[in-house]
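Residues: numbered from 1 along the sequence shown.
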Amino acid sequence: MNKLHLKYTNTFELLFKIGALSYLAVSFFYFFFIAGAGGGDESLFISDLVFIKTNGWIAAIEKSICIPYMLLAYPFSLIFEEHIALRFTNLILLLALVGYFFKVVKIKSANFYYYLAFYIATVAFFFVGTNDELFFIGVLIFMTEVFYFIENKKMNNEILAFSGLIISFFTRELFYVYLPVIIFGFFFLYKNGFNFFTKKMILPLLLFCFFILVNIPSIKTNHKLSYDDKRPSSKIATWTQRQYLAQLMVNKDELPNFQHPSWEETEAYLKKNGPNSLPDGIITGMTFDYALTITEFFKDFYYSMFYGFRQLGLILLFPFFFIAMNFKKEKLLSAKFFIPYSLIAMISILSLIIISYVELRWYISVFLLAIVFYNYQQTKNNINSNFIFLNYFVLACFSLYGVYGLLHRFIGVI
């Protein structure tokens, strides 16, 4: 029986690895080369590059742009078309992330890179020109370094850990949503004796000062840091109001699920019903209608888990099992729960504050962190062999399904 079980495990492991690599190759080719330029948020960053070339950096910063991402992409835009420059930037960031795991963290387990390949294949944002990847990689590196400090009492690279966090802070305002789990990371660093006052902190501090300096035009003009602004030039409505209206319209069957009304529809609603007819801000959004907030929390949490399972398989569920298996053995705030707590916290936070649907790309950091955690426990032989077998089976099936779906898109393009 054991030999038969091992045979099937090895078979599905092989199928998963072949499927993951195939899925990644097809996904990369489709989204990098075939997908049309300017889809979704990519159009914003294309226009920002054009604006910089036309009006200069100071005017662009006053207008509000993502400075770290533009600094990386701008040199490539002098050689390639803007959308290719953005995608090429993200490709370099992806290769740098793989290099970080291999050279800095020194993860030698081949399984980890196959899990990583599968996840990347399911997430188009690694191959399209937006600043998502830069933001999430910065947060991920910090949290990964916290995890390894907890496990080994030593970070792999302190400079990278805090520099990544600073870059993320200046890249997207989503940083404030991730702030609870970042503070959680600082708590475990402090609790486990990390020394924050060393010479290695000088470079991250200098990086912070640099970004403050280049943000001065925005601070003077807008009284805030420069972040990419996805609102139209009229700026009557906000993203919070647009998302809230989306859910109201979905609940009335006036809009398909997972869709947004146009900016014009949102502004028309505000003009008709008054400026306070839609909440503007996270706190007001949660307190505007308590019944709706509670209902959408459970709905969003379910959708996050359901569609997240498609991206991670049983890797997404393992942190929940890990807590259940170890809760009686460990203290409530045991450092061993850092990654499981962080994953559950982010799913809960986003499910609570987003009244309309939650976009899975907002989970990139904690989903990648879940892969780091699962692989670490697998290499330590802390995962039941049946669980591993079932996960290989699930991921192999998802890989084949993903390749089939993308090939369907190819046919549509051709």
Looking only at non-hydrogen atoms, find the nearest pair between G129 and E42 and report the distance.
-> N-OE2, 2.7 Å
Separation between CE of M143 and CG of L368, rounded to the nearest 0.5 Å | 11.5 Å
Interatomic spacing from OG in S77 to CG in D48 - rounded to 0.5 Å | 11.5 Å
Any side chain to side chain donor-acceptor pair (under 3.5 Å) involving residues 334-352? Give me the pairs, sequence neighbours left out, ordered by first then second residue.
-> E330-S334, E330-K336
Residues that F102 engages under side-chain contact (heavy atoms from CB on, under 4.5 Å), provided they are two or more places apart = K108, Y113
Who pairs with Y114 by ring-ring contact (aromatic ring centres under 6.0 Å, His included), at least two apart in sequence or on another chain?
-> none
What donor-acceptor contacts under 3.5 angstrom involve side-chain atoms of residues 300-318, with partners at least two apart or in another chain?
| residue | atom | partner | partner atom | Å |
| --- | --- | --- | --- | --- |
| S304 | OG | D300 | O | 2.8 |
| S304 | OG | Y363 | OH | 2.8 |
| R310 | NH2 | Y23 | OH | 3.1 |

Got a sec, which residues hit side-chain contact (heavy atoms from CB on, under 4.5 Å) with T198, two or more places apart in sequence or on another chain?
-> E158, N195, K200, M201
With side chain to side chain contact (heavy atoms under 4.5 Å, CB included) as the test, would you mind laying out the steps for N111 and K17 before giving the verdict?
-> CA-CA 8 Å; N111 283 323; K17 290 179 178 179; 3.3 Å; yes
Are F29 and L406 close enough that some pair of their side-chain heavy atoms sits under 4.5 Å apart?
-> no
Side chains of T238 and D280, donor plus acceptor under 3.5 Å = yes
Would the number of heavy atoms belonging to other residues, nucleotides or ligands and lying under 6.0 Å from CZ of F393 be above 12?
-> no
Evaluate the criterion side chain to side chain contact (heavy atoms under 4.5 Å, CB included) for residue pair L93 and L72; output intermediate values, then yes/no.
-> CA-CA 10 Å; L93 287 171; L72 291 175; 4.2 Å; yes
For E359, all residues meeting salt bridge (Lys or Arg N to Asp or Glu O under 4.0 Å), sequence neighbours excluded | R361
If you measure from the Lys or Arg side-chain nitrogens to the Asp or Glu carboxylate oxygens, is any gap between E267 and K271 under 4.0 Å?
-> no
Y404 and L400, any side-chain heavy atoms less than 4.5 Å apart = no
Taken in chain and number order and not counting sequence neighbours, the residues that satisfy side-chain contact (heavy atoms from CB on, under 4.5 Å) with S365 are F136, V139, L140, Y178
So do L15 and Y392 actually touch side chain to side chain, heavy atoms under 4.5 Å?
-> no
Contacts of type ring-ring contact (aromatic ring centres under 6.0 Å, His included), residue F338, not counting sequence neighbours = F188
Determine the sole option in D228, D41, D132 for which the salt bridge (Lys or Arg N to Asp or Glu O under 4.0 Å) test with R172 is passed.
-> D132
Exceeds 12 heavy-atom contacts within 6.0 angstrom, atom NZ of K53 | yes
Looking only at heavy atoms, what is the nearest atom pair of I61 and V214, with distance?
-> CD1-O, 3.3 Å
F298 atom CZ, neighbour heavy-atom count above 12 within 6.0 Å = no
Give, for atom OG1 of T295 and atom CG of D289, the distance between the pair rounded to the nearest 0.5 Å.
-> 8.0 Å
Without swapping roles, check the side chain of Q243 against the backbone of I355 for a donor-acceptor pair under 3.5 Å.
-> no
Pick one: which of F373, Y374, Y376 meets ring-ring contact (aromatic ring centres under 6.0 Å, His included) with F322?
-> F373
Throw together a table of side-chain donor-acceptor distances under 3.5 angstrom for residues 245-259, partners on residues two or more places apart or in other chains.
| residue | atom | partner | partner atom | Å |
| --- | --- | --- | --- | --- |
| Q247 | NE2 | N251 | OD1 | 2.9 |
| Q247 | NE2 | E296 | OE2 | 3.4 |
| N251 | ND2 | Q247 | O | 3.3 |

Smallest heavy-atom separation, T240 atom then P279 atom, equals CG2-O, 3.7 Å
Nearest-0.5 Å distance that lies between atom CD1 in I219 and atom CG in L213 = 9.0 Å
Restricting to pairs with a member in residues 57-81, which pass ring-ring contact (aromatic ring centres under 6.0 Å, His included), not counting sequence neighbours?
-> F45-Y69, W57-Y74, F76-F88, F80-F88
State which residues pass side-chain contact (heavy atoms from CB on, under 4.5 Å) with I58; sequence neighbours excluded, sorted by chain then number.
-> E62, P217
Which pair of heavy atoms, one from C66 and one from T171, lies closest together, and at what distance?
-> SG-O, 3.4 Å
From S226 atom OG to I216 atom CD1, the distance as rounded to the nearest 0.5 Å | 12.5 Å
Are any of the side-chain heavy atoms of P275 and L270 separated by less than 4.5 Å?
-> no
Indicate yes or no: does D229 engage K63 in a salt bridge with an N to O separation below 4.0 Å.
-> no
Does the side chain of W239 come within less than 4.5 Å of W263's, by heavy atoms?
-> yes
Do N90 and L94 touch side chain to side chain, with heavy atoms closer than 4.5 Å?
-> no
Within a radius of less than 6.0 Å around CD1 of I79, do more than 12 heavy atoms belonging to other residues, nucleotides or ligands occur?
-> yes
Value rounded to 0.5 Å, distance of CG in N391 from CZ in F398 = 10.0 Å
Smallest heavy-atom separation, T284 atom then G281 atom, equals OG1-O, 3.1 Å
Just wondering, do F135 and I364 contact through their side chains at under 4.5 Å, heavy atoms?
-> no
Evaluate side chain to side chain contact (heavy atoms under 4.5 Å, CB included) for F208 paired with F169, printing each intermediate quantity in order.
-> CA-CA 9 Å; F208 179 84; F169 173 68; 4.2 Å; yes
Is it true that atom CZ of F187 has more than 12 heavy atoms of other residues, nucleotides or ligands lying nearer than 6.0 Å?
-> yes
K106 (side chain) donor-acceptor with K103 (main chain) under 3.5 angstrom | yes
Would you call F127 and Y30 a side-chain contact if the rule is heavy atoms closer than 4.5 Å?
-> no
So which heavy atom on K224 is nearest to which on S218, and how close?
-> O-OG, 2.8 Å
List in chain and number order the residues that pass ring-ring contact (aromatic ring centres under 6.0 Å, His included) with F196, two or more places apart in sequence or in another chain; answer none if no residue qualifies.
-> F186, F194
Apply the test side chain to side chain contact (heavy atoms under 4.5 Å, CB included) to residues Y148 and V372: give CA-CA distance (whole Å), side-chain angles for both, the deciding distance (0.1 Å), then the verdict.
-> CA-CA 10 Å; Y148 276 94; V372 172; 4.1 Å; yes
